[in-house]
Amino acid sequence: MLRHRPHRRGRGVVLHPAAGWLALSVLYLAAVVLNVLLAASTEEFWPLALAVVLGAGALACAAVAGRNLHR
């Protein structure tokens, strides 16, 4: 008789070591987009500088997630 095997795909994706870093990277990218839009609407420099810093943070988080992806 065949045994029932539980499907744990959703839980496995959430518990993956790279999931938190990818989520943080997505949040940083959303902040980059909002700061670029703010810089375009106000014509000031500081939101654009903040967007560059946040973009670097998003790239760093994506790099860490890439390293953790193969665990």
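Along the sequence shown, residues carry numbers from 1.
Residue Leu50 holds its CG atom at 4.5 Å from CG of Leu54, rounded to the nearest 0.5 Å.
Using a 4.5 Å cut-off between side-chain heavy atoms of Ile, Leu, Val, Met, Phe, Trp and Tyr, with links allowed through other members, Leu22 and Val32 fall into different hydrophobic clusters.
Remark: the backbone N or O of Leu38 is paired with a side-chain donor or acceptor of Thr42 at under 3.5 angstrom. The backbone N or O of Ala58 sits less than 3.5 Å from a side-chain atom of Ser25, completing a donor-acceptor pair.
Closest approach of Ala65 and Trp21 over heavy atoms only: CB-CB, 3.7 Å. Contact between Val36 and Ala51 at its shortest, heavy atoms only, is CG2-CB, 3.9 Å.
Counting heavy atoms from C-beta outward, Val33 and Leu37 have side chains that approach closer than 4.5 Å.
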